[in-house]
Amino acid sequence: MSCIFCKIANGEIKTSPVYEDDDVMAFDDLKPQAPVHVLVIPKEHIESMGQLSARHKEIAAKLMLAIPSIAEKKKVGQAGYRLVVNSGKDAGQEVMHLHVHMLAGRKFQWPPG
Ligand code: AMP
Ligand code: ZN
């Protein structure tokens, strides 16, 4: 398996997790687009939103539920943050392992580019 996020999830590539439980991991993005830029991933390899199904109900819930505590840990819970899931080609998904970007620490534009 050559998936880079699987390698991070299974410890083959070392990172300092911002959050970790049995099913979910969060770590700082390599090329941050904001002062705080965390990626939240399921440890299981799920390619994209299109591959998410009812089977992943618990994992999907844990993924979302991890976010408020990550925000608190990064001290951005009050100021706010943006969550982004790039899914597929038009959205510009580069790493084909589902991930939620958590961006914070600056103002964001709407609509997004
Ligand atoms: P996306 O375009 O939504 O697929 O985003 C992929 C993100 O993964 C980008 O923001 C990259 O900077 C980030 N990324 C790629 N490789 C790594 C890595 N080894 N560690 C942390 N972040 C990474
Ligand atoms: Zn993977």
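Given the structure is predicted, the values throughout are model-derived calculations rather than measurements. Both ligands and their constituent atoms are indexed starting at 1 by order of listing.
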What does the contact table look like for ligand 1 (nitrogen or oxygen on each side, cut-off under 3.5 Å)?
unit_1	atom_1	unit_2	atom_2	d
ligand 1	2 (O)	Gly92	O	3.1
ligand 1	2 (O)	Glu94	N	3.3
ligand 1	3 (O)	Asn86	ND2	2.9
ligand 1	3 (O)	His99	NE2	2.8
ligand 1	3 (O)	His101	NE2	2.8
ligand 1	4 (O)	Glu94	N	2.7
ligand 1	4 (O)	Val95	N	2.9
ligand 1	4 (O)	His99	NE2	3.1
ligand 1	5 (O)	His99	NE2	3.2
ligand 1	5 (O)	His101	NE2	3.3
ligand 1	10 (O)	Asp29	OD1	3.2
ligand 1	10 (O)	Asp29	OD2	2.5
ligand 1	12 (O)	Asp29	OD1	2.5
ligand 1	22 (N)	Leu30	N	3.1

Show the nearest heavy-atom pair for residues Arg82 and Val84, with the distance to one decimal. CG-CG2, 3.9 Å
Heavy-atom pair of closest approach, residues Gly105 and Pro35: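 Closest approach of Gly105 to Pro35: O-CG, 3.4 Å.
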Is a side-chain N or O of [X] found less than 3.5 angstrom from the main chain of [Y], in a donor-acceptor match?
{"X": "Gln93", "Y": "Glu47", "value": "yes"}
{"X": "Lys43", "Y": "Asp21", "value": "yes"}
{"X": "Arg106", "Y": "Val36", "value": "no"}
{"X": "Glu20", "Y": "Val18", "value": "no"}

Number of protein N, O or S atoms [distance to the Zn ion (ligand 2) under 2.8 Å]: 4
Results of ring pair (Phe, Tyr, Trp, His ring centres under 6.0 Å) for Phe27 - residues two or more places apart only: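 For Phe27 the ring pair (Phe, Tyr, Trp, His ring centres under 6.0 Å) partners, ignoring immediate neighbours, are Phe5.
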Results of ring pair (Phe, Tyr, Trp, His ring centres under 6.0 Å) for His37 - residues two or more places apart only: His101
Between Glu44 and Arg55, is the closest basic N to carboxylate O distance under 4.0 Å? yes
